[in-house]
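Naming: A, B, ... by sequence-line order, numbering from 1 per chain.
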Amino acid sequence: MAEQDGRKEPLITEITPKSEDFSRWYTDLVRRAELADYSPVKGCMVIRPYGYAIWEFIQRGLDSRIKATGHVNAYFPLFIPKSLLVKEAEHVEGFAPQVAWVTRGGTEELEEPLVVRPTSEAIIGTMYAKWIQSWRDLPVLINQWANIVRWEKVTRLFLRTTEFLWQEGHTAHETAEEAEAETLMILRLYKEFVETELAVPVIAGRKSASEQFAGAERTYSIEALMGDGRALQAGTSHNLGQNFAKAFDIQFQARDKSLQYIWGTSWGMTTRLVGAVIMVHGDESGLVLPPRIAPYQVVIVPIPRGNWRETVLPHAQQIRDTLTAAGVRVMLDDRDAYTPGWKFSEWELRGVPLRLEVGPKDIERQQAVLARRDTREKIPTPVSGLAGRVQELLDAIQRNLFERALAFQREHTTRTSSWDEFTRTLEGRPGFVVSPWCGSEACEAEIKGLTQATIRTLPMDAEPSGAPCVKCGQPSVADAWFAKAY
RNA sequence: CGGGGCGUAGCGCAGCCCGGUAGCGCACCUGCCUUGGGCGCAGGGGGUCGCUGGUUCAAAUCCAGUCGCCCCGACCA
């Protein structure tokens, strides 16, 4: 690897190189950067402060958007009585293999077992039935931030854990059109959020029937491409039709005096997004965090010389105060125990977007040296006007990360109507393959069996090519985005 | 749930074949020296060798069982 082309070895030796084993690189990085750690409970992880801070910025950005579109937050219970979960037939069937049961309380056997929520349609639907009487009560637009338990067989830090954190919106509407409009509005909101805040480009579209949410009428999702060429579902928005309304008896009296079932939606995004950020932007040296969700946007590393605490440190502190006052999240790393070189590597590994070095030479020249995490460029910058320059650079980094990820996604998207090229492209982990599909579930399953690739999404806005199905040659209904998925 | 591998210090490993005082690197602690890309030197702390049983004068090492974890395939946000 590195020594062969004469360059020095990577500085970070504790982390498996990304090029060598992506999956190990990911796990090493999550643990070494102190985002999360395995817990004594099988399949569950501990989100450590640095990782949780990222989640908090994700929450903040998403929560404000959800509220800006007229939704309000509430909280529903963790436990759901068995009898409620089984009311919607497809829903139970979909979740039954994945739920955790509570059968005892203290020393007593429970009359009715409880499930720990795998999602909250059942409990929320039950409450909506009580709260909704009239068309005047609609729409109901509620979101909750909560934890969820799904008994997965195989788990991975952030991507799939037994317990995870998420946001779940549940809405009730007067008409089918309104519910569909809500579902699509949230899908657009998710796309805008992920692309703006996380700098992760996504494909928005509809799920095929086989990938649909248990109990939904129509499921939409946003799909992102990870650095190893596998796709990750980053958010889902479901149009529930009247399925849950009928199962939970959520009825209202309409304007024409008739009794009607409400039209429902539900939608969610999870802590998995943290995993997406790591896998989309990370590099051989570690994390690369988009400035908008970085716990620290700038880390100041003072260069110690002689009695640096008297000479250098005051300058560093003043720069910190200036940047903080300008609204920048700053960390001044004034620890004595580590050398500057060590700190450089450490904060790169943790993905801090900008590093600011101040040493005796800089003080003489009334400057500081800025170093970009994304391009590794070193930029000597005058102390006057520093805050403005830092803001500009943070914006530039945010944009560059998105552009870079978008270019990667495009380079790893193949369009073909040839089965031969389809299978050839899908050997290895090449990204998306966009191909005409006949709409048959059997055909989809056959493709999955032969290539491991599944239909990630059926984009709504794209014009179908009209070519025959890549597998069976029947007339196609859409150009489907295939990929191997997480 | 099927196939393969591994459990020895906080982490990564050696020792096991051939039984005889438990070791290395990193991390950690103390002191000095350094500090513009993971400094150096000296000293130090830490392990019932996954668990249970057996063989033996003696077990990390041999035997049997058991538990746990990881990787590859089927299920999943």
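- Within 4.0 Å of A:T236, counting heavy atoms only, lies no atom of the nucleic acid at all.
- Using a 4.0 Å heavy-atom cutoff across all strands shown, A:K361 reaches at least one base atom of the nucleic acid.
- Closest to the side chain of A:P304, from the set B:U35, B:G73, B:G38, is B:U35.
- Residue A:P360 places its side chain closer to B:G36 than to any other of B:G36, B:C28, B:G38.
- Nucleotides B:C69 and B:C32 place their P atoms 47 Å apart, quoted to the nearest Å.
- Look at CG on A:D37: it is 14 Å from P on B:G10, rounded to the nearest Å.
- Using N1 to N3 plus N6-O4 or O6-N4 for Watson-Crick, or N1-O2 and O6-N3 for G-U wobble, each under 3.5 Å, B:C69 pairs with B:G5.
- Whole-Å rounding puts the A:E357 CD to B:U35 C1' distance at 13 Å.
- One can place CG of A:D28 at 11 Å from P of B:C71, the figure rounded to the nearest angstrom.
- The main-chain N or O of A:F408 is found under 3.5 Å from a side-chain atom of A:H412 such that the two form a donor-acceptor pair.
- Within the 4.0 Å cut-off from OP1 or OP2 of B:G37, not a single side-chain nitrogen or oxygen of A:S345 is found.
- If you check every strand for non-hydrogen atoms under 4.0 Å, A:R150 touches a base.
- Here A:R355 lies in heavy-atom contact (under 4.0 Å) with a base.
- The separation of B:C70 from B:C13, taken at their P atoms, amounts to 14 Å, rounded to a whole angstrom.
- In this structure, of B:G38, B:G36, B:G37, it is B:G36 that holds the atom nearest to the side chain of A:R305.
- Across all strands shown, A:Q233 has heavy atoms under 4.0 Å from sugar-phosphate atoms exclusively, and none from any base.
- Residue contacts shown for A:L159 include a base, since a base heavy atom lies under 4.0 Å away.
- Using atom P as the reference point in both B:G45 and B:A22, the two lie 16 Å apart (nearest Å).
- The six-membered or imidazole ring of A:F482 lies near that of A:F422, with a centre-to-centre distance under 6.0 Å.
- Ranking B:C39, B:C76, B:G37 by closeness to the A:F344 side chain, first place goes to B:G37.
- Each of A:N239, A:I186, A:L240 was evaluated against A:S266; a single residue qualifies, A:L240, per the side chain to side chain contact (heavy atoms under 4.5 Å, CB included) test.
- If you take CH2 of A:W151 and C1' of B:C1, they are 17 Å apart, rounded to a whole angstrom.
- When each of B:A74, B:C76, B:U35 is scored by its nearest atom to the side-chain atoms of A:P340, the top-ranked nucleotide is B:U35.
- Atom CZ in A:R32 sits roughly 11 Å away from atom C1' in B:C26 (whole-Å rounding).
- The heavy-atom pair separating A:M45 from A:A36 by the smallest distance is SD-CB, 3.9 Å.
- Between the side chains of A:Q366 and A:S384, not a single donor N or O lies within less than 3.5 Å of an accepting N or O.
- With no hydrogens or angles considered, no side-chain donor-acceptor pair links A:Q233 and A:S221 at under 3.5 Å.
- The aromatic rings of A:F164 and A:W166 sit perpendicular, their planes meeting at an angle over 60°, well past the 30° parallel limit.
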Look for any protein N or O under 3.5 Å of an N or O in nucleotides 2-5 of chain B and output each such pair with its distance, or none.
none

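- Listed nucleotides B:G37, B:G38, B:A74 differ in distance to A:L349; the shortest reach to its side chain belongs to B:G38.
- Heavy atoms of A:T155 sit nowhere under 4.0 angstrom from any nucleic acid atom.
- Applying the side chain to side chain donor-acceptor pair (under 3.5 Å) rule to A:R117 yields the partners A:Y75, A:N147; only residues at least two apart in sequence or on another chain are considered.
- Rounded to an integer number of Å, the gap from A:E152 CD to B:C1 C1' is 15 Å.
- Minimum atom distance to the side chain of A:T339 is reached by B:C39, of the listed B:C28, B:C39, B:G73.
- OP1 or OP2 of B:C75 sits under 4.0 Å from a side-chain N or O of A:K448.
- Nearest-nucleotide positions on RNA chain B place A:D336 closer to the 5' end than the other of A:G449 and A:D336.
- Closest contact between the side chain of A:D362 and the listed nucleotides B:A74, B:G36, B:C39 involves B:G36.
- Distances from the side chain of A:I303 to the nucleotides B:G73, B:U35, B:G37 place B:U35 closest.
- Across B:U35 and B:C41, the matching C1' atoms stand 16 Å from one another, rounded to whole Å.
- The CG atom of A:L332 sits 4.5 Å away from atom CG of A:D334, with the distance rounded to the nearest 0.5 Å.
- A:E446 places its CD atom 15 Å from the P atom of B:A74, with the value rounded to the nearest Å.
- No contact: A:V301 has no heavy atom under 4.0 Å from any strand.
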